[in-house]
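Each remark here refers to the structure printed beneath this line.
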Amino acid sequence: VADACAKGLSGQLHPIQIAWFRQTGLLAVALWMLSRQGPRILRTRRPVLQLLRGFAAAASATCFITSVRYVPLADSVAVSFVAPFVVTVLGALVLREPVGRRRWIAVAIGLAGTLIVIRPGLGMLHPAILLVVVAASLFALRQILSRLIGTVDSTQTTIAYSALTSVLLLTVPMLFVWRTPVGGTTIGLLCLIALAAGIGEFFV
């Protein structure tokens, strides 16, 4: 839902501004938790990893939203399926998680499908499709960081740091590209993208 909203807004607003609104949904969740549980949810044993995850969240959203400005949403989503391959590889190498033969075959088929969509070297798609690969790789990094952080920090702490870091990182460049949203449809899509992204991140 968040990706579809981003596509709908891409012709009116700058990708950084859309990404900023997307992350404010998560920020609203973080502020609600802070109001109920207090600043203790900001205590972390992995501050560097928490900040890195927030950076990955901001960069991933910005890259993907930039790509859908030039590439059909269906193609962008298809290419984003490279993320499970990256997650599986990093899970095996970094987390030392066991990966069976069937899972390797499954992710290899998924990667092959991604390459069919991209058609490297044929010049069939806009170069912005490569931003989807970057976004998917950053999304995969977020998942690995979530596993590493999840053993020592709570979900609430991770959400708070991801929200605060990503919004702060996006706020400065957003000020240079800001356009005041006009019209009920635009404002409704911005509210929906914030809501969908906030709930989705919590479930992740």
Side-chain angles (χ1 to χ4, degrees), residues 1-35 39 41-42 44 46-71 73 76-77 80 83 128-146 149 153 155-183 185-204:
V1 171
D3 293 342
C5 290
K7 178 66 175 180
L9 292 163
S10 62
Q12 308 166 51
L13 303 174
H14 194 281
I16 291 177
Q17 185 176 354
I18 299 172
W20 183 84
F21 272 102
R22 177 183 175 124
Q23 295 306 113
T24 56
L26 187 60
L27 180 63
V29 174
L31 293 176
W32 175 74
M33 292 189 303
L34 278 168
S35 69
I41 69 171
L42 295 177
T44 174
R46 300 284 181 88
V48 175
L49 294 184
Q50 290 284 13
L51 294 175
L52 182 59
R53 189 182 189 280
F55 166 79
S60 176
T62 303
C63 287
F64 187 87
I65 293 169
T66 301
S67 76
V68 298
R69 196 175 195 178
Y70 306 100
V71 178
L73 182 60
S76 295
V77 172
S80 71
I129 198 69
L130 297 177
L131 287 175
V132 183
V133 178
V134 176
S137 299
L138 289 168
F139 179 81
L141 176 62
R142 284 168 55 199
Q143 309 310 73
I144 298 301
L145 290 173
S146 298
I149 295 168
D153 287 345
T155 300
Q156 291 87 342
T157 298
T158 298
I159 287 177
Y161 272 95
S162 293
L164 292 169
T165 303
S166 60
V167 170
L168 286 175
L169 285 173
L170 290 169
T171 294
V172 174
M174 186 269 299
L175 295 175
F176 292 94
V177 298
W178 173 267
R179 289 181 60 187
T180 302
V182 178
T185 300
T186 299
I187 294 173
L189 286 174
L190 288 172
C191 292
L192 184 55
I193 194 175
L195 178 65
I199 295 174
E201 181 73 8
F202 179 80
F203 285 147
V204 169

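Contact detail for Gln17 and Arg179: the closest heavy-atom pair is NE2-O, 2.8 Å. Considering every non-hydrogen atom in both Leu138 and Ala59, the closest pair reads CD1-CB, 3.6 Å. Across Ala160 and Ala30, no two heavy atoms sit closer than the pair CA-CB, 3.8 Å.
Looking only at side-chain heavy atoms (C-beta outward), Leu27 and Leu164 come within less than 4.5 Å of each other. Counting only heavy atoms from C-beta outward, the side chains of Phe64 and Leu131 never approach each other to under 4.5 Å. Leu42 has its side chain within reach of Leu34: a pair of non-hydrogen atoms, C-beta onward, lies under 4.5 Å apart.
Put simply, the side chain of Thr157 gets close to the backbone of Ile41: a donor and an acceptor are under 3.5 Å apart. At distances below 3.5 Å, not a single donor-acceptor pair connects side-chain atoms of Gln23 with backbone N or O atoms of Ala58. Under a 3.5 Å cut-off, the side chain of Ser35 and the backbone N or O of Trp32 do form a donor-acceptor pair. Formation of a donor-acceptor pair under 3.5 Å by the Thr165 side chain with backbone atoms of Ser162 is not found in this model.
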List the atom pairs, donor and acceptor, that lie under 3.5 Å between side-chain atoms in residues 2-9 and the rest of the protein, sequence neighbours left out.
residue	atom	partner	partner atom	Å
Asp3	OD1	Arg22	NH1	3.3
Lys7	NZ	Val68	O	2.6
Lys7	NZ	Val71	O	3.1

| request: Could you go through the side chain to side chain donor-acceptor pair (under 3.5 Å) check for Asp153 and Thr158 one step at a time? | output: CA-CA 7 Å; Asp153 287 345; Thr158 298; 5.4 Å; no

| task | Starting from the C-alpha separation in whole Å, work towards a yes-or-no answer on side-chain contact (heavy atoms from CB on, under 4.5 Å) for Trp20 and Val167. | result | CA-CA 6 Å; Trp20 183 84; Val167 170; 3.7 Å; yes

| said: For Phe203 and Ile199: C-alpha separation, side-chain torsions, deciding distance, then whether side-chain contact (heavy atoms from CB on, under 4.5 Å) applies. | reply: CA-CA 6 Å; Phe203 285 147; Ile199 295 174; 3.5 Å; yes

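Looking at Gln12 and Thr186, their side chains do bring a donor and an acceptor atom within 3.5 Å of each other.
With sequence neighbours excluded, the residues that form a ring-ring contact (aromatic ring centres under 6.0 Å, His included) with Trp178 are Phe21.
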